[in-house]
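Okay, structure first, notes after.
Just so you know, residue 1 is the first one in the sequence shown, and it goes up from there. Order of appearance sets the numbers: ligands from 1, and atoms from 1 within every ligand.
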Amino acid sequence: MKLTFLSHAAFLVEAEGFKAIIDPYLTGNSLAQHKPEDITGLTHIFVTHGHGDHLGDTIELAKNNDALVIANAEISGYLSKEGVKTHAMHIGGRHKFDFGTVKMTPAHHGSSIPTEDGILYGGNPCGFVIEVNNKKIYHAGDTGLTMDMKLLEVENIDVALIPIGGNFTMDIEDALRAVEFVKPKVAIPMHYDTFPVIKADPKEFKERNKACETVILEIGQSYEF
Ligand code: NI
Ligand code: MN
């Protein structure tokens, strides 16, 4: 499996016959090096919640690539009306897709959807455990530290994508406790530096994380496992 960091909470996940993007916030993201039109051959899009920095370019990417969007029922309903192919799931649910399995995990956060006509209800925010070819990644989404993360220990996560930026999500202090709960083989910090209010130093997280290996990805850099 190949994971590429696109900045913020956006990652590409690639395996044979599978090319997914998680939380594709590219347009309006000052750190992003990719434009939506640079991303081709997408088969799936995962959306953790309705906020603009996660829903991002989902509609354009889904339509351009004829990709299937996997999100909670409320976001799926909204996207279906916009003409996008969706697969609705909800918290705690696991489903077997042709590429592997997906489990939707809880996140403590909000999920409203900003639209031209105002704010829409976006259901509950989530994270994802995505298993492809017996490799598992956990994208925590935007979340505070929660005891629920302890339940993920039995999943034997290979790579956990963990927010460290604080203010809207866990900070480094809580992210360190989160990886102790989840016990992944590798943690990759995310959701930092995009806005002044979420400035954080991933090197501090790496130095202090004794629970697992830490891999800091530069924007555009990939990690294969
Ligand atoms: Ni958010
Ligand atoms: Mn966010």
Side-chain angles (χ1 to χ4, degrees), residues 3-13 20-34 36 39 45-62 69-79 86 88-91 104-116 118-130 137-146 148-149 159-175 178-179 182 187-202 205 216-217 219:
L3 205 55
T4 305
F5 184 44
L6 301 179
S7 80
H8 203 56
F11 289 84
L12 276 177
V13 189
I21 193 166
I22 309 172
D23 285 355
Y25 172 47
L26 304 174
T27 302
N29 173 352
S30 59
L31 296 183
Q33 297 170 353
H34 296 76
I39 313 279
I45 301 172
F46 292 84
V47 180
T48 62
H49 62 292
H51 293 162
D53 59 320
H54 296 261
L55 190 60
D57 298 296
T58 294
I59 292 174
E60 181 180 344
L61 285 167
V69 179
I70 299 168
N72 73 24
E74 292 81 3
I75 293 170
S76 295
Y78 161 71
L79 292 173
T86 60
M89 294 181 69
H90 238 307
I91 309 293
M104 189 171 267
T105 61
H108 280 290
H109 195 65
S111 183
S112 55
I113 305 168
T115 74
E116 284 166 8
I119 300 283
L120 295 180
Y121 175 65
N124 286 311
C126 75
F128 291 103
V129 174
I130 303 168
I137 65 164
Y138 166 52
H139 188 295
D142 275 5
T143 184
L145 179 66
T146 152
D148 292 339
M149 289 171 177
V159 177
L161 313 174
I162 302 288
I164 64 162
N167 193 70
F168 302 113
T169 69
M170 295 185 282
D171 56 12
I172 288 173
E173 207 66 42
D174 283 350
V179 288
V182 177
I188 298 179
M190 65 169 182
H191 211 274
Y192 60 91
D193 285 359
T194 325
F195 320 117
V197 80
I198 61 168
K199 271 230 161 293
D201 183 3
F205 174 79
I216 298 170
L217 289 181
I219 293 165

Is there a side-chain contact (heavy atoms from CB on, under 4.5 Å) between V69 and V47? Walk through the geometry before answering.
CA-CA 7 Å; V69 179; V47 180; 3.9 Å; yes
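The distance between the ring centers of Y25 and H191 does not fall below 6.0 angstrom.
Between the OD2 atom of D53 and the NE2 atom of H54, the angle taken at the Mn ion (ligand 2) works out to 90° after rounding to 10°. With the Ni ion (ligand 1) at the apex, H51 ND1 and D142 OD2 define an angle of roughly 180° (rounded to 10 degrees).
Distance check for D53 against the Ni ion (ligand 1): none of its N/O/S atoms falls below 2.8 Å. Checking H54 against the Ni ion (ligand 1), every N/O/S atom stays at or beyond the 2.8 Å cut-off. At a cut-off of 2.8 Å, H191 is counted among the residues with an N, O or S atom near the Mn ion (ligand 2).
When the N, O or S atoms of D142 are ranked by distance to the Mn ion (ligand 2), OD2 comes first.
With no hydrogens or angles considered, a side-chain donor-acceptor pair links D57 and T27 at under 3.5 Å. H8 and N29 share no side-chain donor-acceptor pair at under 3.5 Å.
Taking both residues in full, the closest heavy atoms of P163 and A175 are given as O-CB, 3.6 Å, listed atom of the first, atom of the second, then distance.
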